Number of protein chains: 2
Amino acid sequence: MSTLGHHREMSDEGPGTYGTQRKAAARNRQAIIDAAHELFAENPLVPLSEVARLAGVGAGTLYRHFPTRDDLTLAAYQHDIERLTATADEVLERHTSAKAAFVEWFETLAGYIRIKHGLGDAMHSAAVQDVVEASWEPTAAGVKKLVDACRAEGTIAAGHDPRDIIMLMSFLWRVAPTDEGVAQGRRLIATVFNGLEAPPS
Amino acid sequence: MSTLGHHREMSDEGPGTYGTQRKAAARNRQAIIDAAHELFAENPLVPLSEVARLAGVGAGTLYRHFPTRDDLTLAAYQHDIERLTATADEVLERHTSAKAAFVEWFETLAGYIRIKHGLGDAMHSAAVQDVVEASWEPTAAGVKKLVDACRAEGTIAAGHDPRDIIMLMSFLWRVAPTDEGVAQGRRLIATVFNGLEAPPS
DNA sequence: ACCTGAACACCGTTCAAGT
DNA sequence: ACCTGAACACCGTTCAAGT
């Protein structure tokens, strides 16, 4: 409503006081994300106070940037998720068979989840369900490319929603990180693929 | 090692002091389980102090009986799990088609998980993974009956491990408790069943 | 032998004071 | 405007004292 103000400083990209403060704030934000990314990988339930300590900021600063733990979790893994999405294109280019690309991509995802325990657990926990929902949106686009290629190839029937397929792969978060678990994951991916040959009911 | 003692009282089923104490302890144990069952259904993360309060026991008593939260979770849902297992037989008796029995059983499971949010969440959380593993052992037996019947019928190929099939149904814990989620669950159960027509790789 | 419940430790979250 | 970090609230867990 006010027609006056100090908007100039707010949008000033130069070394003004606010600009420096905003840059410091951005640096803090990134430091928190980096610290969370490192610590969550080891233990998704790590106290946020430790994240703040590693990031070198006060507890209040962490809460200012990320009001809930979920917000921080999403931010911490967003980059990883984006990279994973990009992989879909690359894998498709490398294979002549779309089915092989599909299987490889999901096996890569399986390995990814296996190593990044934190990511797997965090995405799986009921508490961050909403965050997962939001962050899988771009991944769904990657899966859609794989599915479309398989459909064109005739190995997957028409009508399967990429979101359905991601759901079908839920077991990937539950298989044990052992040799047996790896084999089971591979087996189950193949079984799911098999089920996709017929159209959905 | 001692040859003397008061073993008589220990095994005495009568109204002796120790007998009464043991009965009181058993009553406490059950009260805790009942309280947990009731409160977990609403909120799986309910403070254990509230469980103790509803059960009318001190915090120490709760911890004496259930050293970890997982122990209590398992105890709280064991009865439900056993009942679910028993359903497998009943459903098979009611259907001439094993496939129909298989599908109905898993759709019942889906509904069960949907209503008992607490059970679903608790079984899904990484913290209770071990408990889930242990408690699904009897359920696997129920699933095995369904699978065997389908195999005899020819709708499921030989070689599929019941544990694999339970794993494949992991999505049941993730579908939303909405009309759309219900429809999705039904669709995905059918797709999984489809994939089981071919032998595992 | 079993139980109670106060006491302790620890983590999440807020907010007054500082820059 | 943003930050620090002490203070507060809350929950898990233990243990001395009671029956």
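Numbers restart at 1 for each chain; the letters A, B, ... are given by sequence-line order, proteins then strands. Just so it is clear, the model here is predicted, and its values are computed rather than measured.
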Hey, are the side chains of B:Phe66 and B:Ile33 touching, using non-hydrogen atoms and a 4.5 Å cut-off? yes
Pairing check on D:dT19: which nucleotide meets the Watson-Crick or G-U wobble criteria with it, both distances under 3.5 Å? C:dA1
Under a 3.5 Å cut-off for both distances, is C:dT14 Watson-Crick or wobble paired, and to whom? D:dA6
Over how many whole Å does the gap from [X] atom [atom1] to [N] atom [atom2] extend?
X       : N      : atom1 : atom2 : answer
B:Asp71 : D:dT13 : CG    : C1'   : 14 Å
A:Leu45 : C:dC10 : CG    : C1'   : 14 Å
A:Ile32 : D:dC3  : CD1   : P     : 8 Å
B:Leu72 : D:dG12 : CG    : P     : 11 Å
B:Arg29 : C:dC2  : CZ    : P     : 13 Å
B:Arg53 : D:dC10 : CZ    : P     : 14 Å
B:Phe66 : D:dT14 : CZ    : C1'   : 18 Å
B:Asp70 : D:dG12 : CG    : C1'   : 14 Å

Quick check on [N]: is either OP1 or OP2 less than 4.0 Å from any side-chain nitrogen or oxygen of [X]?
X       : N      : answer
A:His65 : D:dC3  : yes
B:Asn28 : C:dC3  : yes
B:Arg69 : D:dG12 : yes

Among [options], which nucleotide has an atom closest to any side-chain atom of [X]?
X       : options               : value
A:Ser49 : D:dC3, C:dT4, C:dG12  : C:dG12
A:Thr61 : D:dT4, D:dG12, C:dT4  : D:dT4
A:Val57 : C:dG12, D:dG12, D:dT4 : D:dT4
A:Arg22 : D:dG12, D:dC2, C:dC3  : D:dC2
A:Arg64 : C:dG12, D:dC11, D:dC2 : D:dC2
A:Tyr63 : C:dC2, D:dC3, C:dT14  : C:dT14

Remember a base hit wins even if backbone is also touched, and classify B:Ala59 as base, sugar-phosphate or nothing at under 4.0 Å, heavy atoms. base
Looking just at side-chain N and O atoms, do A:Asp70 and A:Thr73 make a donor-acceptor pair shorter than 3.5 Å? no
Assess whether a salt bridge exists between A:Arg186 and A:Glu107, defined as any Lys/Arg side-chain N lying under 4.0 Å from an Asp/Glu carboxylate O. yes
Atom CD of A:Glu180 with >12 non-hydrogen neighbours under 6.0 angstrom: no
Tell me if the CZ atom of B:Arg94 is crowded by more than 12 foreign heavy atoms within 6.0 Å. yes
